[in-house]
Each structure stands twice: as C-alpha cells, then as structure tokens.
Amino acid sequence: MPSGTDVDRAAKILQQGGLVAFPTETVYGLGADASRDDAAARIFAVKRRPRAHPLIVHLAPGASLDGWAVDVPEPAQRLVAQAWPGPLTIIVKRGPRVASATTGGSDTVGIRVPAHPMAQALLAAFGGGVAAPSANRFGAVSPTKAEHVIADLGDDVDYVLDGGACDVGVESTIVDFSRGRPVLLRPGGMAREAIEAIVGPLGIADAAAPAAPGTLASHYAPAADVYAVEPHEVVETVRRVRELRAQQPTEMPAPVEANKGTIAVLAPASAFAAWGDLGAIAYRLPDDAAGMARGLYAALRDLDAAGVDVIVAALPPAAGLGEAVGDRLRRAAGPRDKS
Ligand code: TXA
Ligand code: MG
C-alpha cells in the first residue's frame, strides 16, 4: 500500500471518502471524513470493530466547534482552551455535521485537536473533521510508527502518511462532559493532574458510562501472555511462570515447542540491577513515565516479533503518564477471549 509524506494526496483521498492513516502525537489514526456515513463505515469494516463503539472526530487548531458539538459546557471550553492542540479528547453532545455512523448512533461525540504538525497539515488541507480510531485491528496494540500500520492493515488503507515515531506513545486522555460532572473515561497522554488543575477533581467511570472499547478488560493486547505486576513482584512472577510452563503438557511436536517458555521482563532500565540474573530477556524502557509511554507499544510489538511467549511487565507509579502506562499494561494482561 502507498505510504509517504504527500499531505495533499492524503487530503484528496479523504475528500473522496477514502481511508488515510496519519500520525498524531499519541498514536497513528485511521482517518475518514467524519461527516460521511459511508466513509466512517469503512473504518469499522477495516478495523473489524463493532459499530456501537464511537470514533473520535479530529479538528484543525483554531477550528470552531460549531456544527461538531452543541452545548459545550464552560469547564470543557476552559480545558480545551489550554489543552489543545494536544492529547486530550472531550465527550460532548453531538452536532449536525457529525455523521451518525461516526458516533455509532450515539448522541455524544468525542473531539480532539491533535498536536502533530502532519496531522494538522492534513486537517487543514482536508477542511473538515476527520474521524479516526487508532490504526490497528480491534483489540490489538496501537501503532506508534508507520511500519506498524502497514504491518497491521496492509492494503486495506488507501494511503499511509509517514510522520515518524509518535512522541507521546499512548492514546489521548478522554474526559466525558456530556453528563454533568466531568468523568475520566480513559487515562492517556495528558496527565490527570494537569486536567484536574483546570476543571477540578474528575469523577470515575461507573456502570452508566458509555461502553468504550478502550475500557474493555482485554484490549491493547499483544500475542504474548502479559503479567502486569509491581516491581517487587517481578522476580517471583518470573519464577512462577517458569514453573507453570514446565508443568504444562506438550501438545505440539518438539520443533514447534522449542520457543515455548521464552519469558521477557519489560521494565524501566534502572530497575533491573536489583533483580540480578532473571534468566529472561530484559527489555529496558526509559525510567521516566513519559519515556515509558513513548516506548511501550513498540516494546510490545518488538517482543511479539521476537517470539516471546510471556511478558512480565513492571507497573510504574500512577503519577503523571504512569497512570496511562499502568492502565494499558493491566488491559494487555486482562482476560482474553481465546476463541
Ligand atoms: O489518541 C487517540 O485518542 C487516538 C488518536 C488517533 O487520536 N485515537 C484513539 O481512538 O485512540 P480509538 O477509537 O482507538 O479510541 C477512542 C476511544 C474508544 O474507546 C471509544 O469508544 C471512545 O474513545 N469514544 C469515542 N467517542 C465516544 C463517545 N461519544 N462516548 C464515549 N466514548 C467514546
Ligand atoms: Mg484504539
């Protein structure tokens, strides 16, 4: 499938109802014209995503919310005035320009203004709103490089805009303003502390909150089994995993089983010294939460590509971007539907 840096070509494809993958500061998005039902429907087909899970509408910096949203509450306006462009999505009442397919029929819409210059150039050239989920198949790890998109979606995308590696590395923070007090639906690239400093304490998503795939127990999952544990539990977890694997009956002929039991430990670089020889592959992430977020998804993909069976991941402290990193690791470790 064609890829490159031709923003005008990408904008034309969007105008014709096609699909363009593009970089944002968080992850790569799979974009289509947010005002067209037929274009948005293609996204759901390519992602193999259930239609009831709404898409985020991306707007250019400075674009008016008129037509895209109605009744935007004052705290939401205050927040976006400071946070956009950036890794924050607000959920508000849907305006008439948003196609029904884009929101899966919901009367609310997620909106964000991305910070990546290539995303902004695309939005400016296109001239409308671009509906875009992360450019991966449903439930898989989000792409943070153009190569990831090409590996996942192949010829199902009309064009991939290549803007290099994403700077933030985890998806946007989602705050729901559509039901009164603001509620955090998904921790992400904008730290909770920074948001709460502007709008006050965020509520917690409850049973009445809208279903969002990013909030399903198993999501953002690599092929390997993931154990997300506190740093002090890493050594013991590696030992238990090895024991468990040794006990499992062999169902496959020997050559296929050769790799079974390959364990990797994913943790901040400085943590390894305390653990001695783990007898596992060491995948070192930067020590700061922002660096962990930036490298997380590429790490999960690298480990899958290396044929690792089990990833034991050390959870970071929940402060700053650590909340999003911990959230994604827990979901990657969540119960899988193995069918
Ligand atoms: O950083 C990001 O947010 C990336 C980039 C491409 O912008 N996009 C992204 O989209 O992560 P996606 O579709 O993979 O995740 C968006 C999440 C989903 O869990 C979706 O259900 C939720 O946002 N969402 C979107 N609109 C919503 C709405 N109206 N109500 C509730 N949840 C909504
Ligand atoms: Mg996604």
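The chain is numbered in sequence order, starting from 1.
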Salt bridge or not between Arg9 and Asp158? Use side-chain N to carboxylate O under 4.0 Å.
no
Measure the shortest side-chain to side-chain distance between Leu59 and Trp84 over non-hydrogen atoms and say whether it is less than 4.5 angstrom.
no
What I'd like to find out is whether the side chain of Val46 reaches to under 4.5 Å of the side chain of Phe138, using heavy atoms alone.
no
Electrostatic pair Arg48:Asp156 at N-O distance under 4.0 angstrom
no
Does Leu153 share a hydrophobic cluster with Tyr159, counting links as ILVMFWY side-chain heavy atoms below 4.5 Å and allowing steps through other members?
no
Please examine the side chains of Ser178 and Ile91, heavy atoms only from C-beta on, and report whether any two atoms are closer than 4.5 Å.
yes
Who pairs with Ser106 by side-chain hydrogen bond (donor to acceptor under 3.5 Å, both in side chains), at least two apart in sequence or on another chain?
Thr108
Spacing of CZ belonging to Arg49 relative to OG belonging to Ser134, to within rounding of 0.5 Å:
7.0 Å
Contact list for residues 187-198, test side-chain hydrogen bond (donor to acceptor under 3.5 Å, both in side chains), sequence neighbours left out
Arg192-Glu196, Arg192-Glu323
Indicate yes or no: at least one non-hydrogen side-chain atom of Tyr297 is less than 4.5 angstrom from one of Arg328.
yes
Could you tell me whether Asp327 and Arg331 make a salt bridge, using a distance below 4.0 angstrom between a side-chain N and a carboxylate O?
yes
Tell me whether Ile90 shares a hydrophobic cluster with Ile174, the cluster being built from Ile, Leu, Val, Met, Phe, Trp, Tyr side chains joined at under 4.5 Å.
no
Salt bridge between Glu243 and Arg240, side-chain N to carboxylate O under 4.0 Å?
no
Indicate if Leu161 and Val130 have the same hydrophobic cluster label, given that clusters are the connected sets of ILVMFWY residues with side-chain heavy-atom separations under 4.5 angstrom.
yes
For atom CZ of Arg51, is the number of surrounding heavy atoms from other residues, nucleotides or ligands below 6.0 Å larger than 12?
no
For Asp33 versus Ala39, what's the shortest heavy-atom pair and its separation?
O-CB, 3.8 Å
Any carboxylate oxygen within less than 4.0 angstrom of a Lys/Arg side-chain nitrogen, looking at Arg112 and Glu25?
yes
Does a side-chain N-to-carboxylate-O contact under 4.0 Å join Asp225 and Arg245?
yes
